[in-house]
Structures are given as structure tokens and as C-alpha cells.
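Below: the structure, in C-alpha cells.
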2 protein chains.
Amino acid sequence: MTKRNVTKLTPVSSNPRSSGSNTDKLVDELRRRIVTNQMPPGSRIRENELAEEFGVSRSRVRDAFGILEERGLIERIPNKGAVVMRLEADSFLELFDVREVLEGLMVRLATQNTEPEYWDDLIELFGDDLEKAVAENDFNAYMAAIAVFRQTCIEAAGSDTLRGLLDDIYDRVLSMTRRLMLVPGRASEGFRQHQGILQAMKAGDAEQAEVLKRDNIRSARQWFLKYNDFLL
Amino acid sequence: MTKRNVTKLTPVSSNPRSSGSNTDKLVDELRRRIVTNQMPPGSRIRENELAEEFGVSRSRVRDAFGILEERGLIERIPNKGAVVMRLEADSFLELFDVREVLEGLMVRLATQNTEPEYWDDLIELFGDDLEKAVAENDFNAYMAAIAVFRQTCIEAAGSDTLRGLLDDIYDRVLSMTRRLMLVPGRASEGFRQHQGILQAMKAGDAEQAEVLKRDNIRSARQWFLKYNDFLL
DNA sequence: GCTGATAATATTGTCAACAATATTTTTTGC
DNA sequence: GCAAAAAATATTGTTGACAATATTATCAGC
């Protein structure tokens with residue numbers, strides 16, 4: 001796979017390992033700004049501005065834009081410029097569909113490839129402390145835990161192909177995930193679902209883990225559908 | 001989505017609709033050469049050569065390389081150059097896993113979105129004539145039929161997100177698909193499986209269609225595993 | 001003839017200048 | 001004062017030249 005499919009540990013931090021070439025650094029920083037809503041959807045981004053800010057030539061920015069476009073993070077209109085991709089409700093539903101099957105595959109493979117003990121740390125992370133945090137609306141703690149869950153599973157699944165697809169999708173839906181968390185009841189439901197998935201994984205029941213993970217995404221989709229007027 | 005996710009009707013022909021910008025044309029032609037094995041895996045490709053051949057500057061070729069790299073068709077080693085991506089057995093197995101769930105999703109959505117009559121043409125295409133052709137090892141006819149099947153399903157599924165993912169994967173596995181067809185028994189089995197899937201789709205049984213499509217890919221995976229010494 | 005250092009060549013990486021296109025501002029006619 | 005045309009400005013598209021790096025060829029010493 002390409003270099004971009006390396007581990008992204010924290011949700012929004014830049015990735016030191018992908019900072020090899022000059023262009024990669026640019027891609028990574030722009031990606032960070034987009035997924036953190038520092039550059040919100042619809043923002044116009046000018047090549048010159050970025051070139052000046054980063055002290056590189058416009059060609060580098062241009063290359064970065066090409067990659068960002070390929071990843072679906074920005075949209076380029078010929079001779080007009082680039083804007084941060086604005087997703088409509090339909091696109092989010094499509095992404096939920098794809099996430100459902102891919103994240104299902106992720107936990108299935110992860111379960112098949114690991115011993116039960118592998119999941120102990122995660123099970124502890126998704127314990128009483130986090131439950132309390134979620135109950136008290138500490139979304140940062142919950143987001144961080146989910147990121148660890150995700151990362152651990154991808155690692156265990158051991159498929160670079162899958163990792164690449166999930167990373168791309170993750171970038172596109174991160175800001176929506178954060179917003180969805182605000183919907184009353186969604187976070188605690190998601191928390192319980194993750195506990196269930198982890199139990200199945202520790203039990204080595206790959207099929208059940210896949211079913212539960214798919215349920216998890218489908219339910220997130222339902223919440224989105226119900227509240228999309230507020231979320232978009 | 002980006003421009004690349006437009007319809008790719010025939011397996012290896014260039015796509016007129018994507019030939020807007022200069023770079024797009026290059027990407028499309030290079031993609032064609034790679035998936036047709038005109039540029040086999042491992043081939044070194046030089047920026048200068050292509051620039052001269054296409055009568056454009058090296059920068060255009062460079063941009064095209066960036067996109068091709070992002071799609072996983074070529075590999076670029078800094079200061080050394082680009083080579084057509086060479087897939088190992090592991091990568092193919094990973095791709096089979098991903099295809100299984102994504103193509104399953106594809107037929108499920110396609111079934112849900114269509115009336116039974118929608119599939120009549122395809123059912124006729126996968127009729128006695130094609131069966132005879134397959135029996136007589138007319139792989140071109142079968143490949144073409146599969147391409148139509150695929151295209152029709154993607155169209156019906158109506159998800160640009162899914163289309164983008166499947167298009168990328170398709171390019172990467174096309175040459176392997178062609179080779180797999182040579183394995184005695186695989187083509188006719190695949191043919192029957194597609195007939196079954198089409199039946200389920202016409203019956204409106206989305207779940208069953210998904211199950212059968214996943215079976216289809218899993219069985220292809222098995223054949224690959226068994227014969228990979230000959231296939232790679 | 002072989003090996004290692006060095007020069008010559010080839011290839012990729014980066015840039016700044018110019019061309020083409022779009023946007024904004026100014027001017028002109030009414 | 002308003003509308004349309006024209007000029008000025010800004011932004012993206014493309015190119016060729018030069019720098020940095022890697023590969024190949026040459027040559028000296030043994």
C-alpha cells in the first residue's frame with residue numbers, strides 16, 4: 001500500500017511516520033485541518049495562500065490537493081479552485097452502508113487473528129470509568145476510547161487493504177461522528193454496543209462480533225437519519 | 001465524488017467521460033495499460049518517456065503518477081522512480097475479503113432499489129448461449145458478461161461511495177480475475193453462481209442475493225488459494 | 001581480470017515564470 | 001443611478017529549467 005496507510009493513532013494528530021516527503025507533510029497537515037473542522041466544508045482553499053504559509057512552491061500544494069481530492073476530502077473545480085468537500089445526507093448514508101460491512105469485516109478478522117487475552121486492555125478501557133465519563137458527557141474521553149478500539153482492531157485484522165479503506169472513510173466521517181455523539185442517548189448506546197462487541201471478540205466468536213459491529217453502525221445510521229436536520 | 005468514479009463500461013477501454021483534463025486522459029491511459037498487463041507488475045515507468053510519448057510536460061505525468069499511486073496501481077520510491085504495483089498472495093487474499101463484503105453490499109442495495117423486471121436483460125445474458133460459450137472456453141464472452149453484471153449492479157445500487165471503492169478494487173484485481181478464469185472448472189462454477197444471484201435479485205430477496213454473492217467471492221478465493229502457485 | 005573510487009549520465013524533486021481562465025473593479029453610455 | 005462592456009486583478013493550469021539524488025560507466029591500483 002501507499003505510505004498514507006500507516007497508523008493514525010490519535011484521531012486528529014498529525015502522523016510523524018507519514019511525514020517523509022515534503023508533499024506528505026502538507027497532505028497530513030491539510031487533512032488534520034479538514035477533519036478538525038478548522039477548514040469547514042465548503043471552505044475555499046487557495047494554492048497561493050498555502051504555498052506561502054508552508055514556505056513551499058505552489059507545485060507542492062498542487063500535488064497535495066491531488067491526493068486530497070483522490071481521498072474525497074476536497075473537491076476541485078477546473079480553473080475555479082478547491083473547496084473542502086461538503087457531504088450531503090445521502091453521502092453520509094452511503095458511508096454508513098460501507099462502514100457497516102467494512103467494520104464488520106474488521107472485527108471478524110481481528111477476532112480470528114487474536115487470542116482472547118489480546119482484548120483485555122480494551123475491555124478494561126471500556127469499563128466503569130469510561131461508562132461514568134460517558135454518563136457525564138465527557139465526549140473527549142469517549143472519542144479517544146473509540147479511536148483506540150478502532151486502531152487496535154485494524155492492527156489485529158492485519159489487512160493493509162482494509163486499513164486503507166477504513167482510514168479514508170474515517171477522515172470523511174470524523175466530524176459527523178463527533179456531532180452524532182451529542183445526540184442524547186447515542187453515546188451511551190454506542191458505549192454498550194462496544195462492550196458487547198468486545199465480549200464477543202474475547203469469546204472468540206468472530207461471527208457474533210461482526211453481527212454486533214454491523215448492528216452498531218446500523219444504529220448509528222438510524223440516529224443520524226432521525227436527527228439529520230440538526231446534524232447537517 | 002471525484003471524477004474518476006464515473007462509469008467504466010467495458011473492462012479495459014478508456015473512458016471518454018473522464019477525459020476532461022489533460023491529466024485525466026493520462027491517468028486513464030496508464031490505468032488501461034496496467035490493467036491489461038501491457039505494463040506488467042514490476043515494470044519500471046519513467047516520467048520522461050511518458051511525457052515525450054504523450055507530448056506533455058513531465059509535470060502532467062507526475063500528477064498522473066500521484067493519482068495512480070493513491071489508487072494502489074503503482075508504487076513510487078522516492079528518488080528512485082515508479083513501478084507497477086506487484087501484488088503478493090497476501091494482498092490478493094485481503095482484496096478477496098474486502099470484495100466479499102463490498103460486492104455483497106452491492107447486490108443487496110441493487111436488489112432493494114429495483115423492480116424484478118430490471119434484471120430480465122441480465123438474466124437473458126446469463127442464459128444458454130453464454131453457458132455454451134463458457135463450456136467452450138470463450139472467456140472473452142464471459143468476461144464481458146461479468147463486466148455488464150457488475151456495471152448494472154453498481155448502477156442499481158446507486159451509491160457513488162461504493163462505486164468508487166469497487167472501481168479501485170476492480171482495477172487491482174482484473175488481471176488476476178482473467179487468470180483465475182483459466183483454472184478448469186472455475187468459470188462454469190462462477191457462471192452458475194451468477195445465475196443464482198440473478199434469480200435471488202429478480203425475486204427481490206436482497207439478503208439471499210447478498211449471501212450468494214459473498215459465497216461467489218469466497219469460492220473464487222478458495223480457487224485462488226488452491227492454485228496460487230500457478231496464478232501468481 | 002577484479003575491486004573500489006571517481007566521474008559521467010540518467011532520473012526524480014522542486015521551483016519560478018508564463019499562459020489561460022475566472023473574478024472583481026472600473027468605466028462608459030444611457 | 002443602473003447596466004453592460006472593458007480593464008484590472010486574482011487564481012488556477014502548464015511548462016521548462018535547475019537542483020538533488022541515484023545509477024551506470026570509466027579508470028586506477030593491485
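In what follows, every heavy atom counts, from backbone to side chain, and hydrogens, waters and symmetry copies are set aside. Here is the naming used below: chain letters follow the sequence lines, and residue numbers restart at 1 for every chain.
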L50(B) CG - dT11(C) C1' separation (whole Å): 13 Å
dA16(C) P sits how many Å from E47(A) CD, rounded? 15 Å
Tell me which residues in residues 51-59 of chain B lie within less than 4.0 Å of DNA chain C, going by non-hydrogen atoms. R58(B)
Should the pair R221(A)-D97(A) be classified as a salt bridge under the 4.0 Å nitrogen-to-oxygen rule? yes
Plane angle bin for F126(B) and H194(B) - parallel if under 30°, tilted between 30 and 60°, otherwise perpendicular: parallel
Check ion pair D28(B)-K25(B) (N to O, under 4.0 angstrom): no
Without decimals, in angstroms, what is the distance between D24(B) CG and dT14(D) P? 10 Å
Using OP1 and OP2 only, check whether a side-chain N or O of R46(B) sits under 4.0 Å from dT12(C). no
CD of E75(B) versus P of dT12(C): gap in Å, rounded? 15 Å
Polar side chain donor-acceptor pair, R172(B) to S91(B), under 3.5 angstrom: no
Contacts under 3.5 Å, N or O only, protein and nucleotides 21-23 of chain D:
unit_1  : atom_1 : unit_2 : atom_2 : d
dT23(D) : OP1    : K80(B) : NZ     : 2.5

Please determine whether a side-chain nitrogen of the Lys or Arg among R33(B) and E53(B) lies less than 4.0 Å from a carboxylate oxygen of the Asp or Glu. yes
Between F230(A) and Y227(A), how do the two ring planes meet: parallel, tilted or perpendicular, split at 30° and 60°? tilted
Pair E210(A)-K213(A), salt bridge (Lys or Arg N to Asp or Glu O under 4.0 Å): steps then yes or no: CA-CA 5 Å; E210(A) 179 173 20; K213(A) 185 62 197 167; over 6 Å; no
Using a 4.0 Å heavy-atom cut-off across all strands, classify I77(B) as base, sugar-phosphate, or nothing. nothing
So that I can tick it off, tell me whether R150(B) and D167(B) are bridged by a salt bridge, with the cut-off set at under 4.0 angstrom between side-chain N and carboxylate O. yes
With a 4.0 Å cut-off, would you call R76(B) and E47(B) a salt bridge? yes
Between P of dA16(C) and CZ of R60(A), the distance in whole Å: 11 Å
Between dT12(C) (P) and R76(B) (CZ): distance, integer Å: 9 Å
